[in-house]
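A quick write-up on the structure given underneath.
Letters A, B, ... mirror the listed sequences (proteins, then strands); counts begin at 1.
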Amino acid sequence: MRVRIAPSPTGDPHVGTAYIGLINFLYAQQHGGKFVLRIEDTDRARFVATSEQMIFDALRWLGLEWDEGPDVGGPFGPYRQSERAEIYREHAEMLLENSTAYRCFCTPEELEAARRQQIAAKLPPRYPGTCRNLSAAEIEAKLAAGVPYTIRMKVPAEGSTSFRDELRGAITFEHRNVDDQVLMKSDGFPTYHLANVVDDHLMQISDVIRAEEWISSTPKHVLLYKFFGWDAPRFWHMPLLRNVDKSKISKRKNPVSLVYYRQAGFLPEAMLNFLGLMGGGMPAEINNATEKFTLAEMLEHFDIKNIRLGGPVFDLTKLRWLNGEYLRAMTPEQFYAALRSTVLSDATLSRIAALVQTRVETLGEFGNLTHFFFADDVMPAPEVFLPKKRTLEETLDFAGEQLAVLEATEWTHAALEPALKQLGDSKGWSVKENFMLLRAIVTGSTMSPPLIESMIVFGKARTLDRMRRFLEAQKRK
RNA sequence: GGCGCCAUGGUGUAACUGGUUAACACGCCGCCCUCUCAAGGCGGAGAGUUCGGGUUCGAUCCCCGAUGGCGCUACCA
């Protein structure tokens, strides 16, 4: 048995990745198989350079070690899709040769126009098929003229494709509902669909355990296996983690960054345990008796076939309770050690100390200026955060802009300061108003150590979370 | 809109291959303990299993339909 997780390095490592990672890890271990980590970095527009390392760190923090991957190597490498460009190109060529794919010379504008028309006519937006049957001469002419093109798969016009989902049984899609998916983008990179199928085959993946959002594209994948003449793996689609309002879990409504959970002082054992509760999977006698179990116990008792398919709400309240249980179960020494290795680490404390040294007259005042680093419920009152000449509405709008800018900015002084100032300039907010608002949100006060340095020490994940909570709380009022 | 998946208290789950007063945990409320707050102990409210049909002596469980939720519907994954 060989399984894999294939996260995209587009930002912070996601709880959904941890969930799918856990299930794959358990499955591999239980079957004496291999657990592969593959980095799907084919989307250069959303690529974030620091993301890959954060994914490694987060997975290791949870104890989900992989047998093969970009950093540990393995017999089926490379494990980073950007390093496999040639492989995808060759395979796309194979499909072109056996006429199960074709070059598409349509421009994004043409496609967009066609899509708009179809939607206006209340038709499902589909590729109109313009380039599906170009003559060899037409293709030659376009190629000679250097017209950029994509490669699309040629989904049969008639019939249907069925596959078995191991958790749900047979699922069928009529071909007329399956679009001619782009396989190779005009920039020469493959799309997920091609890269995924090619890699899963080449890496001899036996079981694809992924999130439910992929069900709709599975017929495309099954068709691709067929086009290549390969056997498809088994498919297991896990339920999607949800926000409290039941929508697919998202950072707007819920912290999703594993970096946040780690920095906010959640324990990996608690996170793993909580994830193991999602969708069930543990036998009733354990689930009913305690709901508390370790990775080792999951390895022994978890059964993927027990997974319930309703999308479970990722309930922070229960996670917090569980985390508290683990904290309380520690010896005082262990608890103190946990504190010292996280929120009260020497590294953090010394950085904070450096920020306040010139601002205190006695050591006893240390806490006055720094409590916001250690508190979890910072929430400024309107008289603190609202600038004199601004309305509540424009202030909250601007705070939302700040959040967006911060989110997209590298977490260094050199990047943050100009980014914030540029935002202020473009929106007509003075530097003072701009920074004061942010200071109030992040520190809860109009007086604090240097703001940007403080945010850097506090961390991106936690700073953004604090801002989202602030906005959420104000919105509710 | 089209296609697909799903459906047990507010939330996470349980209920063997149809037979239980539908169970446990979180959360909530109350009481006890207690200098406070937690933790802990005890108790309570809260679902008749989305709805409607069907099969059956009997359906949370099987079938059909409806409704609702969610996902997909990109040169993102």
Side-chain angles (χ1 to χ4, degrees), chain A residues 6-11 14 16-17 39-47 81 104-108 111-112 115 118-127 148-152 160 163 165 167-169 171-196 210-220 237-249 273-292 306-322 324-325 327-329:
Chain A
S8 289
T10 54
H14 197 279
T17 301
I39 296 293
E40 307 222 329
D41 54 350
T42 57
D43 182 355
R44 81 258 184 275
R46 294 203 304 153
F47 179 76
Q81 289 187 331
C104 170
F105 298 93
C106 296
T107 66
L111 294 173
E112 184 51 37
R115 184 175 308 128
Q118 290 168 329
I119 291 172
K122 292 199 188 299
L123 291 167
R126 300 276 310 279
Y127 178 63
Y149 64 88
T150 63
I151 296 176
R152 287 180 184 271
S160 63
F163 60 92
D165 177 285
L167 261 15
R168 292 161 245 261
I171 298 177
T172 302
F173 285 82
E174 298 294 326
H175 287 159
R176 63 188 148 78
N177 292 321
V178 181
D179 209 1
D180 279 4
Q181 183 63 231
V182 169
L183 264 18
M184 292 292 281
K185 305 178 226 180
S186 55
D187 67 0
F189 277 84
T191 59
Y192 170 87
H193 307 280
L194 205 228
N196 191 266
R210 65 201 340 179
E212 188 179 3
E213 55 189 331
W214 293 108
I215 290 179
S216 302
S217 37
T218 303
K220 293 172 184 172
H237 292 278
M238 302 297 294
L240 236 27
L241 264 23
R242 309 292 182 92
N243 298 310
V244 174
D245 67 4
K246 304 273 190 179
S247 54
K248 169 173 149 180
I249 195 166
N273 189 160
F274 181 65
L275 256 14
L277 247 23
M278 301 281 89
M282 288 294 269
E285 51 274 26
I286 292 177
N287 216 335
N288 267 349
T290 76
E291 291 199 319
K292 280 179 263 176
N306 280 157
I307 289 292
R308 298 301 118 176
L309 299 174
V313 171
F314 190 91
D315 182 6
L316 239 8
T317 307
K318 188 147 187 177
L319 204 210
R320 293 178 68 87
W321 165 77
L322 244 191
E325 287 287 307
L327 251 19
R328 278 175 236 119

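- The aromatic rings of A/Phe314 and A/Phe274 sit perpendicular, their planes meeting at an angle over 60°, well past the 30° parallel limit.
- Both distances falling under 3.5 Å, in either a Watson-Crick or a G-U wobble arrangement, place B/rU67 opposite B/rA7.
- Taking the C1' atoms as reference points, B/rG69 lies 15 Å from B/rU8, given to the whole Å.
- Taking 90° from 0 as the syn/anti boundary, the base of B/rG68 is oriented anti.
- If you measure from atom OH of A/Tyr127 to atom C1' of B/rC3, you get 21 Å, rounded to the nearest angstrom.
- OP1 or OP2 of B/rC72 sits under 4.0 Å from a side-chain N or O of A/Lys248.
- Remark: B/rU56 base-pairs with no nucleotide; criterion is Watson-Crick or G-U wobble with both hydrogen-bond distances under 3.5 Å.
- On the C1' atoms, B/rA25 is 13 Å away from B/rG9, given to the nearest whole Å.
- Across all strands shown, B/rA74 remains unpaired; no Watson-Crick or G-U wobble contact has both distances below 3.5 Å.
- Within residues 179-189 of chain A, the residues approaching RNA chain B are A/Val182, A/Lys185, A/Ser186, by heavy-atom distance under 4.0 Å.
- Between A/Met238 atom CE and B/rA77 atom P there is a gap of 23 Å when expressed in whole angstrom units.
- To the nearest angstrom, P of B/rC76 lies 7 Å from CZ of A/Arg44.
- Two residues are said to be in side-chain contact when any heavy atoms from C-beta on lie closer than 4.5 Å; A/Cys106 and A/Tyr127 meet this criterion.
- The interatomic distance linking A/Asp315 (CG) with B/rC26 (P) rounds to 12 Å, in whole Å.
- Counting any heavy atom pair closer than 4.0 Å across all strands shown, A/Leu322 reaches no nucleic acid atom.
- Counting atom types as modelled, A/Lys318 pairs a side-chain N or O with a base atom of B/rA25 as donor and acceptor under 3.5 Å.
- For the P atoms, the distance from B/rC32 to B/rG71 is 47 Å, rounded to whole Å.
- Note on A/Thr42: a side-chain N or O is less than 4.0 Å away from OP1 or OP2 of B/rA77.
- For the P atoms, the distance linking B/rC28 with B/rU11 amounts to 16 Å, nearest Å.
- The shortest distance between the side-chain N/O atoms of A/Arg242 and the OP1/OP2 oxygens of B/rC70 is not below 4.0 Å.
- Comparing A/Leu309 and A/Leu111 by the nucleotide of RNA chain B whose heavy atom lies nearest to each, the residue mapping closer to the 5' end is A/Leu309.
- In this structure, A/Arg115 reaches the B/rC75 phosphate: one of its side-chain N or O atoms is under 4.0 Å from OP1 or OP2.
- Looking at heavy atoms from C-beta onward, A/Arg242 lies out of side-chain contact with A/Ile249 at the 4.5 angstrom threshold.
- Residue side chain A/Ser216 reaches the base of B/rG71 through a donor-acceptor N/O pair under 3.5 Å, judged by distance alone.
- For B/rA15, there is no paired nucleotide, since no Watson-Crick or G-U wobble pair has both relevant distances below 3.5 Å.
- Comparing A/Thr172 and A/Arg328, the nucleotide of RNA chain B nearest to each residue sits closer to the 5' end for A/Thr172.
- Of all heavy-atom pairs between A/Val178 and A/Lys220, the closest is CG1-CG, 3.7 Å.
- For the atom pair A/Leu277 CG and A/Leu322 CG, the distance stands at 6.5 Å (nearest 0.5 Å).
- For A/Pro125 against A/Asp179, the heavy-atom pair with the smallest separation is O-OD2, 4.3 Å.
- Residue-level contact check: A/Glu40 touches the backbone only, with heavy atoms under 4.0 Å from sugar-phosphate atoms and none from bases.
- Rounded to a whole Å, the CE atom of A/Met282 is 12 Å from the P atom of B/rA14.
- Between A/Lys246 and B/rA7 there is no side-chain polar atom (N or O) within less than 4.0 angstrom of OP1 or OP2.
- Rounded to the nearest Å, the gap between the C1' atom of B/rC63 and that of B/rG18 is 14 Å.
- Within the 4.0 angstrom heavy-atom criterion, only backbone atoms of the sugar-phosphate kind lie near A/Arg308; the bases stay farther away.
- Look at the P atom in both B/rC62 and B/rC5: the space between them is 16 Å, to the nearest Å.
- The base-pairing partner of B/rG30, taking Watson-Crick or G-U wobble contacts with both distances under 3.5 Å, is B/rC42.
- For the C1' atoms, the distance from B/rG4 to B/rC61 is 24 Å, rounded to whole Å.
- Base pairing of B/rA22: no nucleotide in any strand meets the Watson-Crick or G-U wobble criterion (both distances under 3.5 Å).
- One P atom belongs to B/rC51, the other to B/rU36, and the distance between them is 47 Å to the nearest Å.
- For B/rC5, its base never sits under 3.5 Å from the side chain of A/Arg168 at any donor and acceptor pair.
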